[in-house]
Amino acid sequence: MKVRCVYNTGESLRSYENKTLQKAELGRFGATGYSEYNELDIGKEYLVMGVIIFETYQAYLIDDSGFISACPCQLFEIVDNKINSNWHFRLIDKNEDIYPFVQAIIGYPELCLDKNAYEDLIVEKDEEAERIYFRRKIELENSLT
């Protein structure tokens with residue numbers, strides 16, 4: 001799946017909130033009206049490597065210049081909605097540390113099969129988890145050409 005960034009601020013997410021918020025209040029995306037997604041460039045296309053289902057929103061797993069992040073889907077428009085036939089799905093168990101913050105994960109096999117993959121990749125910035133991510137991204141890019 002490919003997406004194009006159309007917004008990169010918390011202010012842009014305000015129209016997707018369930019209730020009216022003050023600019024400094026955290027909303028359901030974990031952002032205030034002052035928040036900025038500096039890793040995103042408006043107009044740039046990103047290859048989606050997974051979808052993270054959080055407790056209150058969904059995010060695309062993307063990277064920009066080597067920085068991997070999970071950004072709210074509402075910051076993007078879909079350019080190509082085809083997903084990789086090798087993607088897996090994982091429902092997060094209530095006994096896992098990332099529950100209930102993360103509810104489910106859809107993406108490349110290692111992201112779903114390894115219960116620590118999300119934390120290793122996004123929180124810990126583990127080198128091996130990043131290597132796997134970029135290896136899978138190269139494979140996906142090659143399959144698209």
In the structure I gave you, are the side-chain heavy atoms of R136 and N86 within less than 4.5 Å of one another anywhere? yes
Considering all heavy atoms, the nearest Q103-Y99 contact: NE2-CE1, 3.8 Å
Residue pair L47 / K137, side-chain heavy-atom distance below 4.5 Å: yes
Is there a chain of hydrophobic side chains (I, L, V, M, F, W, Y, each step under 4.5 Å between heavy atoms) that links L144 to F76? yes
Anything under 30° is parallel, anything over 60° is perpendicular, the rest tilted; go ahead and classify F54 against F101. tilted
Assigning hydrophobic clusters by single linkage (Ile, Leu, Val, Met, Phe, Trp, Tyr; side-chain heavy-atom cutoff under 4.5 Å), is V79 placed with L75? no
Check whether any side-chain heavy atom of L13 sits under 4.5 Å from a side-chain heavy atom of P72, and report yes or no. yes
Is any side-chain heavy atom of V48 less than 4.5 Å from a side-chain heavy atom of V3? yes
Same cluster (ILVMFWY, side-chain, under 4.5 Å), I68 and Y60: yes
Can Y108 and N84 be counted as having a side-chain donor-acceptor contact under 3.5 angstrom? no
Has the side chain of E17 got a donor or acceptor atom that lies under 3.5 Å from a matching backbone atom of R28? yes
For the side chain of N8 and the backbone of L40, is there at least one donor-acceptor N/O pair under 3.5 Å apart? yes
Check whether T32 reaches the backbone of Y34 with its side chain - one donor and one acceptor, N or O, closer than 3.5 Å. yes
Could you tell me whether E128 and R135 have a side-chain N and a carboxylate O separated by less than 4.0 Å? no
Looking only at heavy atoms, which two atoms of V51 and I53 are closest? And how far apart? CG1-CD1, 3.8 Å
K125 bridged to E130 by N-O distance under 4.0 Å: no
If two hydrophobic side chains count as joined below 4.5 Å and joins carry through other members, does V102 share a cluster with L26? no
Taking 4.0 angstrom as the limit, do E11 and K23 come out as a salt bridge? yes
Under 4.5 Å between side-chain heavy atoms, hopping through other hydrophobics if needed: is there a path connecting L111 to F134? yes
Criterion salt bridge (charged side-chain N to carboxylate O under 4.0 Å, His left out) on E25 and R14, from CA distance to verdict: CA-CA 10 Å; E25 282 184 278; R14 289 308 205 208; over 6 Å; no
Any non-hydrogen side-chain atom of M49 less than 4.5 Å from a side-chain atom of L140? yes
State, to 0.1 Å, how close A31 and Y37 come at their nearest heavy-atom pair, and which atoms those are. CB-OH, 3.7 Å
Taking A129's backbone N and O only, do any of them form a donor-acceptor pair with D126's side chain (distance below 3.5 Å, no angle check)? yes
Taking the side chain as every heavy atom from C-beta outward, state whether F89 and C112 have any atom pair closer than 4.5 Å. no
4.5 Å side-chain heavy-atom contact, L121 and E119: no
Would you say the side chain of E39 lies within less than 4.5 Å of the side chain of C71, judging by non-hydrogen atoms? yes
